[in-house]
Amino acid sequence: MPRPTAAQFAYGSATVVATTLALLLLFRTESGAGVAAVGATALALGLLVALRLPRPGHPTAEGTGRTTTDRAAARTHHALEGVGARERVPAARSSERSSGRSSARTDEHSLRR
C-alpha cells in the first residue's frame, strides 16, 4: 500500500478538525453516542478527502491512464498549438519553396543565412 503524501495528511486532518467542530456546534450534542457519531462522521469525511487528492506520478481518477505530468505536458502542447507555434516554421519554409528561393541547407533556421 502506498504511503500518503504530506498534502493528503494535511487536507485529511484539516477536514476532520473542521468537520468535528462544525458538527458539534451545529447539533449541540452532549451525549456520548452523539459525540461518537460526530467523530466517526468527521473521520470518514477526512479519509474520503485525503484519498480523493491526486497523487503525483499516479494515474488520474478519470481512468485515462495519464499521469498528472502527462496532463501538464498536453496542456502546454495544446496552448502552443493554439497560438500557432507549430504552423509558423513549416509555413515559412513552404513559402520559400513556392517563391523560387532555395536555401543552402533546409535544416537551418531562415535567420541563419
Side-chain angles (χ1 to χ4, degrees):
M1 182 173 182
R3 301 180 109 178
T5 62
Q8 286 176 315
F9 272 127
Y11 279 110
S13 299
T15 301
V16 169
V17 170
T19 303
T20 303
L21 289 175
L23 289 176
L24 286 174
L25 290 173
L26 181 67
F27 293 120
R28 297 186 187 266
T29 184
E30 294 179 5
S31 68
V35 172
V38 165
T41 303
L43 284 173
L45 188 60
L47 184 63
L48 180 70
V49 166
L51 291 178
R52 292 294 296 170
L53 283 178
R55 296 178 61 92
H58 284 77
T60 61
E62 295 108 28
T64 59
R66 295 171 62 179
T67 60
T68 54
T69 54
D70 290 342
R71 285 190 307 178
R75 279 195 308 266
T76 303
H77 180 72
H78 182 67
L80 288 175
E81 284 182 348
V83 296
R86 283 194 135 205
E87 289 81 17
R88 288 183 187 158
V89 173
R93 288 183 182 162
S94 65
S95 66
E96 277 182 12
R97 290 182 192 136
S98 65
S99 66
R101 290 185 290 164
S102 63
S103 60
R105 293 185 58 185
T106 58
D107 61 337
E108 284 187 23
H109 192 274
S110 62
L111 296 177
R112 294 185 183 173
R113 289 189 189 154

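Listed by chain and residue number, T20, A42, L43 satisfy the side chain to side chain contact (heavy atoms under 4.5 Å, CB included) test with V16 (two or more places apart in sequence, or in another chain). Evaluation of the side chain to side chain contact (heavy atoms under 4.5 Å, CB included) rule for A7 yields T5, Y11, L53 as partners, not counting sequence neighbours.
Cluster membership check: L26 does not share its hydrophobic cluster with V17, using side-chain heavy-atom separations under 4.5 Å among Ile, Leu, Val, Met, Phe, Trp and Tyr. Cluster annotation: L23 and L25 are assigned to distinct hydrophobic clusters (Ile/Leu/Val/Met/Phe/Trp/Tyr, side-chain heavy-atom contacts under 4.5 Å, transitive).
What you find for G12 and A50 is that their closest heavy atoms are CA-CB, 4.2 Å.
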